[in-house]
Amino acid sequence: MKKIQMVDLKSQYDFIEKEVTENMSQVFETSAFINGPMVQAFQADMEAYLNVKHVIPCANGTDALQIALMGLKLVPGDEVITSDFTFAATVEVISLLKLKPVLVDVDPQTFNIDPLAIEKAITPKTKAIIPVHLFGQSAAMDSILEIANKHNLYVVEDNAQGIGATHTFSDGKKAKTGTLGHVSATSFFPSKNLGAYGDGGAIFTNDDALAHFIRGIVNHGMYQRYYHDVVGVNSRLDALQAAVLKVKLQYLDFYNERRKEAANRYDQYFKNHANLIIPHRAADCDSHVFHQYTLRVLNSDRDALVVHLNKNNIPCGVYYPVPLHAQKAYADDQVDSRNFPITNQLVKEVISLPMHSELTHDQIDYIATTLLQFFN
Ligand SMILES: *Cc1c(COP(=O)(O)O)cnc(C)c1O
C-alpha cells in the first residue's frame with residue numbers, strides 16, 4: 001500500500017503531467033508571465049464553469065477576501081459578521097481593514113455559521129456577513145441571503161474550501177457556491193480542491209460595476225495606466241499557476257466526485273459508532289465537496305486518537321483547535337466565551353482524516369479499521 005498522506009499531490013500530478021507540462025511550455029514560449037493569455041483563458045474557463053459573470057484572479061485566497069471587502073467600500077468601524085469556527089484568514093482581513101469582526105457560533109451538524117446567531121448579532125453598524133463554506137459544504141445560504149436582504153447587508157462568501165459545490169435552494173434552483181452572494185473569494189492553495197502548484201486565488205461576482213472596481217484594486221487602484229484613482233494593492237495570479245489551474249479545472253468535478261466516494265466509504269465504517277459522528281450532508285450530497293472529512297469524537301480523547309493514528313502512519317488534522325474568539329490576535333474583552341457553546345465543543349472533538357482524489361479503497365479501509373481499533 002502506498003504511503004498515506006493528507007493530500008497526495010504527486011499521485012494526482014502523475015495523471016496530468018503531460019497536459020501541465022504542455023501548458024507551462026506555452027507560458028515559457030510566449031513569456032507572458034504576468035496577466036497574458038494563459039491567465040485570461042483560465043479566467044474565462046472558470047467563469048463558464050461557475051456560471052458567473054466575473055472571475056478576477058489574484059495572488060491568494062486571503063488577498064481575495066481582503067480585496068472583496070475593499071470593493072464594498074466599507075469604512076473603519078463597520079461591523080462584519082463571520083464564523084467563530086474557520087481558518088483565521090477570514091477574520092484577519094476584517095481586522096486589517098480596521099473593520100470590526102463580529103464572531104458568531106456555528107451549527108453543530110454542518111459546522112457552518114448559524115443563521116439565528118447572525119440575526120442576534122446584527123446592529124445598526126453591521127454591513128456585511130461572511131459565510132464560510134467550511135470543509136466543502138455550502139452554508140445555510142437561503143436563510144443567510146434572506147437575513148442580508150431584510151437588513152440590507154452584503155454577503156461575501158468565503159469559498160476557499162467549497163469550490164465546485166452546488167447549493168440547492170429551497171425552491172429547487174441550483175447554483176455553485178461562490179456565486180450566491182454579492183461577491184466571493186476563493187483560494188488555489190495547493191491542498192485546496194482546486195489547487196495550484198504555489199499560491200493563487202480569485203474573486204467572483206455577478207456585479208459589473210463591482211467587478212470593474214475590483215479589477216482596479218488588484219492593480220494598484222489603476223483604471224488607466226499610471227492614474228491611481230483609489231488605494232489598491234498588487235495581487236496577481238501568475239501565468240504558470242494559471243497554466244496548472246486551467247488543466248486541473250477540467251478535472252475538478254471528477255476530483256470532487258472521488259472525494260465524495262471516499263467520504264461515503266469512510267461513512268460505512270463510522271456511521272453507527274457510539275463515539276463518532278460522521279459529516280452531515282445538508283439536503284443533498286452536491287452541497288458537500290469534502291475539502292475535509294471531519295468526524296466528531298464523542299466521550300473520548302480526541303488527542304489520544306490523533307496519537308494512535310500517527311503511530312500507525314496515518315496523518316490527520318485538527319481543524320481547528322482554537323475558536324477564533326479565543327485567539328490572542330482576535331480576543332475582545334467584551335466578548336463572552338459562553339456565547340460560543342458549539343464552537344467551544346467542536347474544537348475538542350473534531351478530527352479530519354486523509355482526504356483527496358487519489359485515496360484508494362485499501363488506504364481508506366486501513367485508516368478506518370485502525371481508527372476503530374482505538375475504541376476497542
Ligand atoms: C485556505 C483558506 C483561506 C486562505 O487562502 P490562502 O490562499 O491560503 O490565502 C481563507 N479562508 C479559508 C476558509 C481557507 O480555508
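Counting convention: from 1, in listed order, for ligands and their atoms alike. In this text the structure is predicted, and so the values were computed from the model without any measurement.
Around OH of Y154, the count of heavy atoms belonging to other residues, nucleotides or ligands within 6.0 Å does not exceed 12.
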Go ahead and list the nitrogen or oxygen contacts between ligand 1 and the protein that come in under 3.5 Å, distances to 0.1 Å, or just say none.
| residue | atom | partner | partner atom | Å |
| --- | --- | --- | --- | --- |
| ligand 1 | 5 (O) | S187 | OG | 3.3 |
| ligand 1 | 7 (O) | G61 | N | 2.7 |
| ligand 1 | 7 (O) | S187 | OG | 2.7 |
| ligand 1 | 9 (O) | G61 | N | 3.3 |
| ligand 1 | 9 (O) | T62 | N | 2.8 |
| ligand 1 | 9 (O) | T62 | OG1 | 2.5 |
| ligand 1 | 11 (N) | D158 | OD1 | 3.4 |
| ligand 1 | 11 (N) | D158 | OD2 | 2.8 |
| ligand 1 | 15 (O) | Q161 | NE2 | 2.8 |
| ligand 1 | 15 (O) | K192 | NZ | 3.1 |

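The cationic group of K73 lies under 6.0 Å from the six-membered ring centre of F213 and within 45° of the ring axis, placing it in a cation-pi geometry. For the pair K174 and F169, the cation does not sit on the ring face, since its NZ or CZ is not both under 6.0 Å from the ring centre and inside 45° of the axis.
Under the 4.5 Å side-chain criterion, counting only non-hydrogen atoms from C-beta, T205 is not in contact with K53.
When all heavy atoms of E157 and G178 are compared, the pair lying nearest together is OE1-N, 2.7 Å.
Contact check on K125 versus D78 returns no salt bridge, with no Lys/Arg side-chain nitrogen under 4.0 Å from an Asp/Glu carboxylate oxygen.
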